[in-house]
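Naming convention: chains lettered A, B, ... in sequence-line order (proteins, then strands); numbering from 1 in each chain.
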Protein chains: 2
Amino acid sequence: MEDRQTGPGKDRADDKADEAKVDLIAVVVAVNDGEPCLLTIGQADTLPSGPFALEHRSPQSGLRGWVEQQTGHPLGYIEQLYTFADRDRVGAERQQRAISISYLALTRKEQATASCACGWHSWYEYFPWEDHRSGTPPVGVDILRARLIEWADAAGDPATQRERRQRVAIAFGFDDRHWNEELTLQRYELLYEAALVEEASGGKATPPPAAVSGKAMVADHRRILATGVTRLRSKIKYRPVVFELMRPTFTLLQLQRTVEALAGRLIDKPNFRRLVEQQELVEETGDTSVDTGGRPAKLYRFRRAVLDERAFAGTKLPLSRA
Amino acid sequence: MEDRQTGPGKDRADDKADEAKVDLIAVVVAVNDGEPCLLTIGQADTLPSGPFALEHRSPQSGLRGWVEQQTGHPLGYIEQLYTFADRDRVGAERQQRAISISYLALTRKEQATASCACGWHSWYEYFPWEDHRSGTPPVGVDILRARLIEWADAAGDPATQRERRQRVAIAFGFDDRHWNEELTLQRYELLYEAALVEEASGGKATPPPAAVSGKAMVADHRRILATGVTRLRSKIKYRPVVFELMRPTFTLLQLQRTVEALAGRLIDKPNFRRLVEQQELVEETGDTSVDTGGRPAKLYRFRRAVLDERAFAGTKLPLSRA
DNA sequence: CCCCTTATTGTCAGATCGAATATAATTGGA
DNA sequence: TCCAATTATATTCGATCTGACAATAAGGGG
């Protein structure tokens, strides 16, 4: 079975020119005090990464090694995100192809080890327009809106103009449309196309100030981050992954704040409680939290058993429409 | 920005040993007469694939080239599935790492070109236990069930026994649990672990006959197919991808049969109609179908405009519980 | 004209969801 | 000590969605 001789993928002329460098790259997320944080190295503009080497049994294990070596941070939950392999994705300087297999990792910040050239930064530093927890759109969105409409109207024919305006309106929830937090990647790609982020166009156009257009990253790392944000915002709605980010014991409000941090929007407290409880995702520990004013809150822990008990095709947190 | 010097992934010692062969591999799906079909080459046991070469602008374009060359079939819709890269995934014979970037492609069978060493096969030939459209579980599932329980009980300690039994029951919907059609990959991996499919264990154990355990495929192609089935069964619920598989014009029953073919289960006709219509996914053409007995059916076409109009975070076809 | 087949429309009860209200248990200050 | 502020927790209500089923319409063939 292993040694077939017919069919392709085997009968190719084995030209060594087809070989490629393969990198592993990680979007490592934690949530602290209601801020979703990203683990970076360098000038807070680089994701941890390293080459996929022969001694690695699997890409996951290779990734764990690189992240731990570069940041001192051991990883828990990991899932594959996407494989980036377009020819021009990393600049045209090298003739060898650059392939990056990206992963999303969830941890907690506390286990931080001491000194290293790494740091945690709120992911809203990179995407200021993604944080809608204040109820209203963040500052600067009006500037982006103006520039995006400018870009749409700069198109040649009216059909393209309309099409661009519509894409912008849907992605950003303009014109009475509701904000869809899962479109992070679409929004970033739109801003890139409109040359409103620093990474685009090799610095020909002049993007808005960083407070509006966000902190840039090396190569296409910010796009990879956007991919991770989109995946995570989608996944918390049907799989109990939030708990990877929680301490062993927590209050329901802490849990809610974590979800809100990831989703970038507020959710209704009673409804959130109802959902979490009727899904039996958590159980009381019996203790109550040391208080920050007001009535003490019960402490809960995640019922790991649910991971085995159920198949989770619909765990839905209350994050639908507007 | 492109020529950073700090950070990893760059400061590595450039040992050529880290290079790898990267393959592109396609799960090409069409639906004909209510049967979901897979495009294969070889002895109907191989997915179209080929090396990712330097001249390819992107993996997608490379994939299109390989599939067209090997099967004569042009591809339309493509999405990335998963990147397989574990060291032992393709047999231990070669010392070089084998990486496969897999894609899911949706087309229609009609555009088939003439002679080539390729063919279409119902995907239920590979996964007989996945077709629940008759209402009851397919024949042979009782055999699998017995063998799976046998496997569970073969575990050393009682804890592992219980855990295995529970995994089996959830994945296959035993013990009054409902059948979840999205767990195709989980089920295949369970059968693999229990050595009930031919690919497992190098032929040490004796799996059930092919009519029960399904047709085997080369290397890990069947696992890749299972990944594609899972993805597609999940995706039809929240994105209007079914229409990639339909003719330009179709009746609502044809549309329903296509969804049922993919999902492997029957759905309620009036509810399906209601959903499709209230989502405004289709519009009438004005014509009616040439009839196969009974009242003539209106013909519809897909409203491509919805792809632009909406963001599709919840299009849900009626495929929830039992 | 009757019967069979398929298409199309309609109804109804239960579950879900978003929104809002009401009550309980603390802390801190008057 | 009592009141006000704060946060936790419990309950209600109506709109919508969903799954199940029933009813009617429009053809073809005897």
Side-chain angles (χ1 to χ4, degrees), chain A residues 33-34 135 178-181 236-238 249-260 263 265-300 312-322, chain B residues 33-34 132 135 178-181 236-238 249-260 263 265-300 313-322:
Chain A
D33 303 323
H178 67 267
W179 172 255
N180 184 343
E181 77 277 0
I236 49 173
K237 293 184 186 166
Y238 62 95
T249 200
F250 49 84
T251 71
L252 291 183
L253 186 59
Q254 286 168 344
L255 184 63
Q256 181 183 345
R257 293 289 177 241
T258 303
V259 172
E260 289 174 340
R265 56 159 47 183
L266 299 175
I267 53 195
D268 183 71
K269 188 171 0 184
N271 293 342
F272 181 79
R273 295 175 63 90
R274 172 174 61 189
L275 199 81
V276 170
E277 283 170 343
Q278 86 187 7
Q279 302 255 167
E280 300 182 301
L281 295 173
V282 298
E283 61 191 2
E284 302 184 8
T285 67
D287 295 328
T288 56
S289 104
V290 290
D291 197 11
T292 54
R295 172 174 169 176
K298 289 184 195 160
L299 283 172
Y300 293 83
F312 283 104
T315 303
K316 286 266 184 92
L317 295 175
L319 281 171
S320 310
R321 22 203 132 158
Chain B
D33 303 322
H132 283 233
H178 66 267
W179 172 257
N180 184 343
E181 76 278 359
I236 50 173
K237 293 185 188 165
Y238 61 94
T249 197
F250 49 83
T251 71
L252 291 183
L253 186 59
Q254 286 168 345
L255 184 63
Q256 181 183 343
R257 293 290 177 238
T258 304
V259 172
E260 289 175 338
R265 56 159 45 184
L266 299 175
I267 53 193
D268 183 72
K269 189 173 359 185
N271 292 344
F272 180 79
R273 295 176 62 90
R274 172 175 62 188
L275 199 82
V276 170
E277 282 171 341
Q278 85 186 6
Q279 301 256 166
E280 299 182 303
L281 295 173
V282 298
E283 62 192 0
E284 302 184 9
T285 66
D287 297 327
T288 55
S289 103
V290 289
D291 197 10
T292 53
R295 172 174 169 178
K298 289 184 195 158
L299 283 172
Y300 293 84
T315 302
K316 285 265 183 91
L317 295 174
L319 282 170
S320 309
R321 27 207 127 155

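- Inter-residue side-chain proximity for A:Leu255 and A:Val276 is flagged as met; some heavy-atom pair is nearer than 4.5 Å.
- Remark: B:Arg273 CZ to B:Leu253 CG distance equals 9.0 Å, nearest 0.5 Å.
- Considering only residues two or more places apart in sequence or on other chains, B:Lys269 meets the side chain to side chain donor-acceptor pair (under 3.5 Å) condition with none of them.
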For nucleotides 23-30 of chain D, 5' to 3', base contacts (B), sugar-phosphate-only contacts (S) and non-contacts (-) with protein non-hydrogen atoms under 4.0 Å give --BBS---

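- As a whole-Å value, the separation of B:Gln256 CD from D:dG19 P is 13 Å.
- Atoms CG (B:Leu266) and P (D:dG19) sit 15 Å apart, rounded to a whole Å.
- A:Leu252 comes within 4.0 angstrom of nothing in the nucleic acid, heavy atoms only.
- One cannot find a donor-acceptor pair under 3.5 Å joining the base of C:dG10 and the side-chain atoms of B:Arg274.
- Rounded to a whole Å, the CG atom of B:Leu275 is 10 Å from the P atom of D:dC17.
- Residue contacts shown for A:Lys269 include a base, since a base heavy atom lies under 4.0 Å away.
- You'll find a donor-acceptor pair under 3.5 Å spanning the side chain of A:Asn271 and the base of C:dA19, going by distance alone.
- The interatomic distance linking B:Arg265 (CZ) with D:dG19 (C1') rounds to 12 Å, in whole Å.
- Taking atom CZ on A:Arg273 and atom P on C:dA19, their separation rounds to 18 Å, with Å as the unit.
- Partners of A:Gln256 according to the side chain to side chain donor-acceptor pair (under 3.5 Å) rule, which considers only residues two or more places apart in sequence or in another chain, are A:Glu260.
- The NZ atom of B:Lys298 sits 10 Å away from the C1' atom of C:dT9 (whole-angstrom rounding).
- Counting heavy atoms from C-beta on, the side chains of B:Gln254 and B:Tyr300 never come closer than 4.5 Å.
- A:Thr288 has its side chain out of reach of A:Leu299: every pair of non-hydrogen atoms, C-beta onward, lies at least 4.5 Å apart.
- The nearest whole Å value for the distance from the CG atom in A:Asp268 to the P atom in D:dC13 is 17 Å.
- For the atom pair CZ of A:Phe250 and NZ of A:Lys298, the computed distance is 14.0 Å after rounding to the nearest 0.5 Å.
- Nearer the 5' end of DNA chain C, as judged by each residue's closest nucleotide, is the contact made by B:Ala297, out of B:Ala297 and B:Pro270.
- Between the CZ atom of B:Phe272 and the C1' atom of C:dT9 there is a distance of 17 Å, rounded to whole Å.
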